[in-house]
Amino acid sequence: DAVNTLCLVFDAALKEAAIPGIVETLPTYRSVLVQVDPLVIDMPAFEARVHDILAGLTPDGGAPRRWSVPVVYGGEFGIDLEDVAKAHGITPDEVVRRHSARTYRVAMLGFLPGFCYLSGADTSIALPRRTSPRLKTPAGTVSIGGVQALFASVEAPSGWHLLGRTPVRNFMPDRDPVFLVGAGDEVVFRPIPEADWPALDEAAAAGEPVAELAP
């Protein structure tokens with residue numbers, strides 16, 4: 001998390017510097033991709049500027065936003081919940097309790113737009129990724145794989161274990177903001193009954209955040 005925080009702070013500093021020739025930056029777990037226009041940017045000068053920015057960084061990302069994200073666990077919403085429970089010799093309810101008791105940190109968005117990779121998973125319910133990935137998993141899937149956790153933004157292939165699903169749309173290209181939960185934010189999963197899904201899903205499809213921000 002300390003290295004990842006530096007990446008996010010560095011990314012923010014690059015954006016604030018507004019250096020001509022930078023097309024886009026993308027922070028990851030432990031590095032920052034910087035796309036530049038070679039016809040515009042002066043690379044030696046840019047490299048010197050980057051070293052100056054790095055020298056002035058501190059690993060303080062400020063107080064993060066904390067999101068409460070509703071999740072329907074198990075059944076058709078989390079088809080791997082029972083298998084995860086059996087693998088650890090515990091009940092599905094205990095898996096839900098352990099998974100939803102954590103405060104996760106969004107380390108990065110990647111793979112697909114709005115796809116949240118989370119640190120802070122409970123290692124007592126960790127499992128290696130599936131040996132046979134599924135070709136299609138629903139948008140909003142809440143999953144674990146290895147020692148990582150995530151919630152997905154769009155329908156996609158996945159080899160992760162599906163514990164539940166959230167109605168939250170973290171990526172909506174026609175919404176402002178396009179991305180709801182961002183890198184550096186915190187996430188707490190809130191178990192909800194299946195009966196709550198239709199109304200929340202309809203609200204989320206209309207552009208409402210559905211996830212709640214802690215005051």
Side-chain angles (χ1 to χ4, degrees), residues 1-67 69 103-121 129 137 139-160 166 168-188 204 207 209-211 213-214:
D1 283 348
V3 172
N4 180 245
T5 297
L6 279 173
C7 289
L8 299 180
V9 171
F10 174 56
D11 179 69
L14 277 178
K15 287 181 170 64
E16 184 177 351
I19 301 171
I22 292 183
V23 177
E24 185 179 18
T25 64
L26 179 65
T28 72
Y29 273 112
R30 48 84 177 122
S31 61
V32 180
L33 172 69
V34 183
Q35 182 183 4
V36 301
D37 183 343
L39 300 181
V40 174
I41 204 157
D42 180 332
M43 285 305 297
F46 172 63
E47 291 175 5
R49 183 74 179 278
V50 164
H51 283 291
D52 288 342
I53 292 173
L54 287 171
L57 289 185
T58 58
D60 180 12
R65 299 184 300 178
R66 178 175 294 183
W67 297 92
V69 174
T103 297
Y104 299 89
R105 183 174 177 277
V106 182
M108 62 175 283
L109 302 183
F111 173 56
L112 292 166
F115 193 94
C116 289
Y117 285 91
L118 309 173
S119 67
R129 297 190 193 187
T137 58
T141 294
V142 175
S143 312
I144 58 171
V147 295
Q148 298 181 98
L150 72 84
F151 79 90
S153 51
V154 297
E155 183 181 281
S158 178
W160 298 54
T166 178
V168 173
R169 269 71 162 175
N170 201 45
F171 168 65
M172 294 187 76
D174 298 326
R175 180 186 61 197
D176 184 16
V178 172
F179 300 108
L180 187 65
V181 180
D185 290 352
E186 292 180 341
V187 168
V188 175
V210 178
L213 263 179

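What you see below is based on every heavy atom in this structure, not just the backbone, and it leaves out hydrogens, waters and symmetry mates. Predicted, not measured: the structure shown is a model, and the values here were computed from it.
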Partner set under side chain to side chain contact (heavy atoms under 4.5 Å, CB included) for [X], not counting sequence neighbours:
{"X": "L26", "answer": "L33"}
{"X": "R49", "answer": "A17, I19, I53"}
{"X": "A45", "answer": "D42"}
{"X": "Q35", "answer": "V23, E24"}

Would you list the pairs meeting salt bridge (charged side-chain N to carboxylate O under 4.0 Å, His left out) in which at least one residue belongs to residues 5-21, sequence neighbours left out?
D11-K15

Has the side chain of N4 got a donor or acceptor atom that lies under 3.5 Å from a matching backbone atom of Y29?
yes

Donor-acceptor check, side chain of R175 to backbone of P177, threshold 3.5 angstrom: yes or no?
yes

Does the pair W67 and L180 meet the rule for a side chain to side chain contact (heavy atoms under 4.5 Å, CB included), with working shown?
CA-CA 10 Å; W67 297 92; L180 187 65; 3.7 Å; yes

Side chain to side chain, [X] and [Y], heavy atoms closer than 4.5 Å:
{"X": "F179", "Y": "P113", "value": "yes"}
{"X": "T141", "Y": "F151", "value": "no"}
{"X": "V69", "Y": "V142", "value": "no"}
{"X": "L109", "Y": "F115", "value": "no"}
{"X": "E186", "Y": "Y104", "value": "no"}
{"X": "T28", "Y": "Y117", "value": "no"}
{"X": "L14", "Y": "F10", "value": "yes"}
{"X": "F111", "Y": "L150", "value": "no"}

Which pair of non-hydrogen atoms, one from [X] and one from [Y], has the smallest distance, and what is that distance?
{"X": "L57", "Y": "A13", "result": "CD2-CB, 4.1 Å"}
{"X": "L8", "Y": "A107", "result": "CD2-O, 4.3 Å"}
{"X": "T58", "Y": "V9", "result": "O-CG1, 3.7 Å"}
{"X": "A204", "Y": "M172", "result": "O-SD, 3.7 Å"}
{"X": "S119", "Y": "D1", "result": "OG-OD1, 2.9 Å"}
{"X": "N170", "Y": "C116", "result": "ND2-SG, 3.4 Å"}

Rounded to the nearest 0.5 Å, how far apart are CG of L118 and CZ of R105?
10.5 Å

Can you list everything that forms a side-chain hydrogen bond (donor to acceptor under 3.5 Å, both in side chains) with R65? Sequence neighbours excluded, please.
D185

